Amino acid sequence: MIEELVQTMVVGLAVGSRIALVAIGFSLVYRTSEVLNFAQGAWLLVGAYLVHHGVQMGLSFGVALVLACGVCAALAALSFRVTVKPMRNQPVFAVILVTVGLLTIARFAVAAAWGTDARNLGDPFAISTVTFGGVTVPVRDLFTIAAAVASVAIIMLLLRGTAFGLAMRATADDREAALVQGVRTDRVVAMSWALAAAFAVVAGVAASAGVSRLGPGIVETSFVALAAVVIGGLDSPGGGAVAAVLLGVSQQLVAVYQPEYVEVLGRNFASIFPYLLLVVVLFVRPYGLAGRAEWWRA
Amino acid sequence: MVASVTQSSTELSVAPESAPERPLPEARRPRLWSLVGVAVVLLAVLPVWLSPFQRAVAITVGFLAIAGAGLNLLTGKAGQISLASALFIGVGAYTAAGLGADRGWPIVLWLPAAFIVAAVVGALLGPAALRVRGNYLAVVTLGALLMGEYLFEQWRSLTGGSTGRSLGGAFGSLDSRSFELAGATFDRDVGWFWLIWAVALLSLVAYRNVVRSAAGRTLQAIHDHRGGAVSLGVSESRTVIAVFAFTSGMAGAAGALYGSYRGFVNPTEFGLVLSLQVLTVIVVGGMATAVGPLLGALVVGALPAAIDSLSRSYDLPGVTGDLGGGGGFITVATLNGLLFGVILVVFLVVEPGGLFRLGSRLIARIRAKS
């Protein structure tokens with residue numbers, strides 16, 4: 001009983017880490033370019049399929065993962081240059097629509113290239129598990145948690161410890177002031193898009209590795225991450241990541257216990273649970289749990 | 001605001017007898033009604049000339065024009081982004097299913113009911129829309145869409161779950177293969193064409209009239225400068241909730257009609273792809289213009305049909321036809337989805353004014369040359 005609970009929490013932590021990987025990307029892009037880049041889901045999808053393709057071609061899983069991250073990062077930077085950058089003077093909803101359009105293009109392009117049937121990612125985790133004191137955890141979930149922790153560490157070091165990170169924070173705070181100081185802001189913004197895409201690829205791989213299969217449905221992770229960043233506050237990467245982990249754990253708890261105890265809510269209720277939580281948070285704290293109040297009126 | 005003031009002063013000098021407090025709508029009315037008259041005559045004779053396939057396409061175009069007119073008011077005019085159009089289209093379709101097909105209500109009851117039920121659901125989104133905007137609103141409406149899809153799949157007694165349901169019998173005489181009117185026999189689809197296009201014309205006129213009314217100016221004021229509008233006594237909450245309710249009702253009516261025409265609906269149809277199609281309609285046509293949804297609906301409705309019929313008669317390179325021809329890498333449905341995405345992105349980046357602005361620029365150039 002208690003072991004089942006602990007196990008659910010650990011798996012939930014992995015689910016939350018996966019969501020957090022995408023959520024950090026959302027916040028990063030939002031901080032530098034003030035748009036919620038719906039196309040994040042595209043890199044999740046394209047990246048996972050590229051890894052699958054690479055392994056099929058005979059590459060090792062690690063090499064395929066690094067290559068997929070690089071390709072998607074380059075594509076994301078390109079998508080910023082070609083679509084969002086020329087739209088500087090357009091209203092924000094037009095820019096959001098463009099990113100939704102990019103997501104659509106990616107979804108159908110992936111369907112054209114690889115079909116919609118579930119596939120095997122080709123990861124080394126398979127169904128192997130590790131057992132600590134009666135609690136069994138899939139290796140895939142340990143990989144996910146480790147990848148999320150590593151990504152957070154990378155982003156912290158980058159933002160706090162490098163000149164590039166300083167340029168990025170300056171651009172996020174005041175683009176024009178940064179421009180005047182000689183920061184090449186467009187390059188910084190493009191880099192933030194690239195970095196966010198690489199994180200999304202890791203999330204996509206985590207979502208389709210192990211016992212999960214690779215399919216078009218993994219894009220849902222990015223929709224849950226959207227709820228997480230809004231709950232956590234769009235302008236706060238930390239808030240978004242914390243909200244993502246909490247959301248993952250509670251979603252997993254709902255997935256395991258709701259069919260048993262509150263059957264009336266229907267099958268697969270956990271899939272919409274994040275949005276219900278989002279609605280509640282919006283009415284209590286509209287600017288998110290960690291967001292600053294003035295961002296709400298902007 | 002400025003443009004309307006100067007325009008009304010010139011109208012006043014031409015027609016000084018018109019009511020001074022609201023001169024603009026009065027002065028323009030004859031031109032609008034003559035346009036509507038021409039459209040009515042055209043639409044009355046058109047379906048008889050079209051082939052059955054073209055008629056089906058034209059009905060889809062009409063459906064998209066109704067849904068587009070609603071979203072155009074909400075997103076184009078009021079600036080409220082919504083990814084939830086498909087939710088309201090679904091609510092309308094299932095209202096028609098529950099009341100028309102299951103309980104045998106006549107269309108004069110289930111069509112207004114579909115409008116009202118969708119409007120009530122839309123009004124529920126209003127309070128959320130008041131708390132967030134822009135980026136946040138996109139997420140909230142996406143969440144509403146996904147929750148709606150879930151609800152449709154769970155509510156099996158009404159929706160048939162993931163297997164879908166039939167809407168047969170929702171519309172008495174039009175459900176038979178043919179019907180008689182004034183001594184002549186018409187095909188079922190001719191009746192549906194007339195019905196859907198009558199509502200489409202009505203929604204385009206409704207869009208124009210709302211925009212030119214006090215309510216439209218209030219919307220514009222909140223869009224342009226919310227603080228200023230509120231300080232002048234505009235009730236923001238009432239306006240935003242009202243516009244959500246009204247435009248959702250229009251989407252609901254569109255869904256009720258189209259679902260009944262098709263005779264079959266499945267919960268998975270009311271997802272992000274359908275919402276995106278309606279968004280593409282208003283972007284391609286020209287946001288915040290009265291004829292925009294019509295132009296956009298023509299493109300979005302006719303393009304898949306054109307590709308579909310081309311793939312039947314020719315062997316398009318790389319495309320797998322529905323008849324199983326050729327070893328292509330892309331199916332017609334996937335190609336269509338891909339094209340919507342590309343069209344949406346290209347128009348937003350290159351010509352955000354849509355076909356309307358493209359057309360008016362072309363006309364201006366031709367006039368300048370002659």
Side-chain angles (χ1 to χ4, degrees), chain A residues 26 30 34-38 79 82-87 90-113 115-116 220 223-224 226-227 229-230 234 265-269 271-272 274-276 278-279 282-283 285-288 295-298, chain B residues 75-76 79-83 127-128 130-140 142-151 153-156 223 226-227 272-273 275-276 279-280 282-283 287 318 328-331 333-350 352:
Chain A
F26 276 127
Y30 183 79
E34 278 173 15
V35 60
L36 206 49
N37 179 18
F38 275 73
S79 76
V82 176
T83 62
V84 175
K85 194 183 143 205
M87 298 181 71
Q90 285 198 40
V92 67
F93 70 80
V95 186
I96 299 172
L97 279 188
V98 161
T99 66
V100 180
L102 289 173
L103 172 65
T104 309
I105 294 173
R107 287 174 87 171
F108 284 104
V110 164
T116 50
E220 273 171 27
F223 294 160
V224 180
L226 279 172
V229 285
V230 173
L234 260 180
L265 290 173
R267 255 199 325 198
N268 214 6
F269 174 75
S271 68
I272 60 150
Y275 308 107
L276 282 179
L278 170 65
V279 171
L282 275 181
F283 281 90
R285 278 181 71 89
Y287 34 84
W295 285 70
W296 160 48
R297 280 272 161 201
Chain B
T75 301
Q80 306 272 349
I81 187 168
S82 172
L83 299 176
L130 283 167
R131 285 169 167 73
V132 294
R133 49 201 45 90
N135 289 298
Y136 287 83
L137 188 57
V139 179
V140 173
L142 176 70
L145 176 73
L146 296 174
M147 287 197 275
E149 229 182 328
Y150 174 79
L151 199 67
E153 264 166 37
Q154 299 300 320
W155 196 344
R156 283 203 197 93
H223 181 140
R226 35 192 303 120
L272 190 57
V273 174
S275 284
L276 209 76
L279 280 165
T280 311
I282 65 165
V283 168
M287 270 192 271
F329 63 88
I330 194 165
T331 63
T334 309
L335 180 64
N336 279 327
L338 198 60
L339 273 178
F340 281 130
V342 172
I343 289 173
L344 182 66
V345 170
V346 167
F347 263 96
L348 280 167
V349 175
V350 180

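All heavy atoms count here, side chains included; hydrogens, waters and symmetry mates do not. Convention: sequence-line order gives letters A, B, ...; per-chain numbering from 1. Since the model is a prediction, treat every value here as computed from it, not as a measurement.
With a 4.5 Å cut-off on non-hydrogen atoms, A:A94 touches chain B through its backbone and its side chain both. Contact of A:T99 with chain B is not made at all, since no heavy-atom distance falls under 4.5 Å. Interface residue A:F269: backbone and side-chain heavy atoms are both found under 4.5 Å from chain B. Interface remark: A:V35 contributes backbone and side-chain atoms alike to the contact with chain B (heavy atom separation under 4.5 Å).
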Practice item. Go through the steps for B:L344 and A:T104 under the test side chain to side chain contact (heavy atoms under 4.5 Å, CB included), then give the verdict. Key: CA-CA 10 Å; B:L344 182 66; A:T104 309; 5.8 Å; no
Practice item. List the steps and the verdict of side chain to side chain contact (heavy atoms under 4.5 Å, CB included) for A:R107 and B:V273. Key: CA-CA 10 Å; A:R107 287 174 87 171; B:V273 174; 5.6 Å; no
Check your understanding: Does the side chain to side chain contact (heavy atoms under 4.5 Å, CB included) test come out yes or no for B:L145 and A:F223, once each step is laid out?
Key -> CA-CA 11 Å; B:L145 176 73; A:F223 294 160; over 6 Å; no
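Between B:F340 atom CZ and A:F108 atom CZ the span is 9.0 Å, to the nearest 0.5 Å. B:I81 contributes atom CD1, which lies 4.5 Å from atom CG of A:L97 (distance to the nearest 0.5 angstrom). With rounding to the nearest 0.5 angstrom, the CG atom of A:L278 is 10.5 Å from the OH atom of B:Y136. Separation of atoms CD1 (A:I96) and CG (B:N135) is listed at 4.0 Å; rounding is to 0.5 Å.
Scanning both residues, A:Y275 and B:G143, for their nearest heavy atoms gives CD2-CA, 3.6 Å.
Between chain A and the options B:L348, B:L339, B:T75, B:L272, the largest number of non-hydrogen pairs under 4.5 Å is found for B:L348. Taking B:L142, B:V346, B:I343, B:V283 one by one and counting their heavy-atom pairs under 4.5 Å with chain A, the maximum is reached by B:L142.
With sequence neighbours excluded, the residues satisfying side-chain contact (heavy atoms from CB on, under 4.5 Å) with B:V345 are A:T83, A:V98, A:L102, A:I105, B:V349. The side-chain contact (heavy atoms from CB on, under 4.5 Å) search around A:A109 returns B:L338, not counting sequence neighbours.
Within a 6.0 Å sphere centred on CD of A:E220, heavy atoms belonging to other residues, nucleotides or ligands number 12 at most.
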